[in-house]
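So the structure is just underneath, and the comments pick up after that.
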Amino acid sequence: MGIFTVTKKLLLLSTGGTIASVASSTGLTPGESGEELVNTLQALPYEITVEDLLALDSSNIQPEEWRLMAETVYARRNDYDGIVISHGTDTMAYTASMLTFMLQNINLPVVLTGSQVPMNVLLSDAPRNLTLAFAAAAACRPGIYLAFDGKVMRGCRAVKVRTTAFDAFESVNFPPVGVVTSDGLERHPRRAVPTEPCVLNTKLDLNVSLIKLFPGFDPQIMLAMAESGCHGFVIEGYGLGGMTFVRRNVAAVIGQLSRMDIPVIAASQCLYERSDLTKYEVGRQALLEGAISAHDMTSESAITKLMWALGQGMDHAQVKEFFATNVAGEVTLPEETEEN
Ligand code: ASP
């Protein structure tokens, strides 16, 4: 009796980045098509279709491109078993986070990948990253992922932590959902397959800002920004989320902003572990004034979640509730375990 295996149908959406770059007189710039990228790989056991969506360095990828990617994934989601997006590494974590919010309950694996060295360079990391992304798109549960250097990470937990080394990404505050071992792609699925239908929602409010606190920071700048039309802030405080209140009273300004219905999300400058404003006075004051904790979210996830929340027309109270909700695995709430 024969064993029938169905060949997985995968789609590659190419968007540019180093992986597709070629040398030019003005510096490395995207120049290779998705077809050329796939043709460089050894034969893969998948039926692969390619669509060239963009040819941009990811420093030029912005909300307009996020929308195009989300709309394309949404339109093709029932035609394939998985989708790979090749993308520059510099802003890939932002795109992966935003797609997580724009495509909630996505019904297939969507895997972003890229490389530190162009595909057409000998010993590049591009062939193995792209091959891993296809393998993850064929094997993982539905969701938005980022595959890089032998690891498959939840997209909304990935952060670029190195500028040139091959292990450029880490899965922050959450273990990778897949790792390449000598047995192949060892998967550790942690989230149940969504049962609700996928919803495409690309409404965003771009009038937000991400601020890194430093000693001497004048919080009046935040009020000036609010007067110029800023509708929300993510502020990276110190350690567990501490904020200055002596002389330059950041907490008091958060209170003023909160009363103006402008949410301030309190994250940490530390990459690892959670922020917790309840422990120190420098956190509690901010909390009492209305700061909303980002818990253990990455800054990439926090700012994209805020853009998305404000885009839905949420007011301060609703944003607070939304940030106390684990939408797609982007946060570990105090009462949750890491299995979420
Ligand atoms: N500047 C490139 C980009 O983000 C870097 C890379 O892809 O590695 O598009």
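Computed from a predicted structure; not experimentally measured. Every number for a ligand or one of its atoms is a count from 1 in the order of the listing.
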Start with the C-alpha distance between Asp261 and His316, add both sets of side-chain angles, then the distance that settles side-chain hydrogen bond (donor to acceptor under 3.5 Å, both in side chains), and finish with yes or no. CA-CA 5 Å; Asp261 204 25; His316 188 282; 5.5 Å; no
I'd like to know whether CD of Glu273 has more than 12 heavy-atom contacts from other residues, nucleotides or ligands below 6.0 angstrom. no
Decide if atom OH of Tyr280 counts as having more than 12 heavy atoms of other residues, nucleotides or ligands within a radius under 6.0 Å. no
Who pairs with Asp276 by salt bridge (charged side-chain N to carboxylate O under 4.0 Å, His left out), at least two apart in sequence or on another chain? Arg274
Report all side-chain donor-acceptor pairs from residues 206-213 shorter than 3.5 Å, counting only partners two or more places apart or in another chain.
none

Protein residues having a heavy atom less than 4.0 Å from any atom of ligand 1: Gly17, Thr18, Asp57, Ser58, Gly88, Thr89, Asp90, Ser115, Gln116
With clusters built from Ile, Leu, Val, Met, Phe, Trp and Tyr whose side-chain heavy atoms come within less than 4.5 Å, directly or transitively, what are the remaining members of the cluster of Leu123, listed by chain and number? Leu122
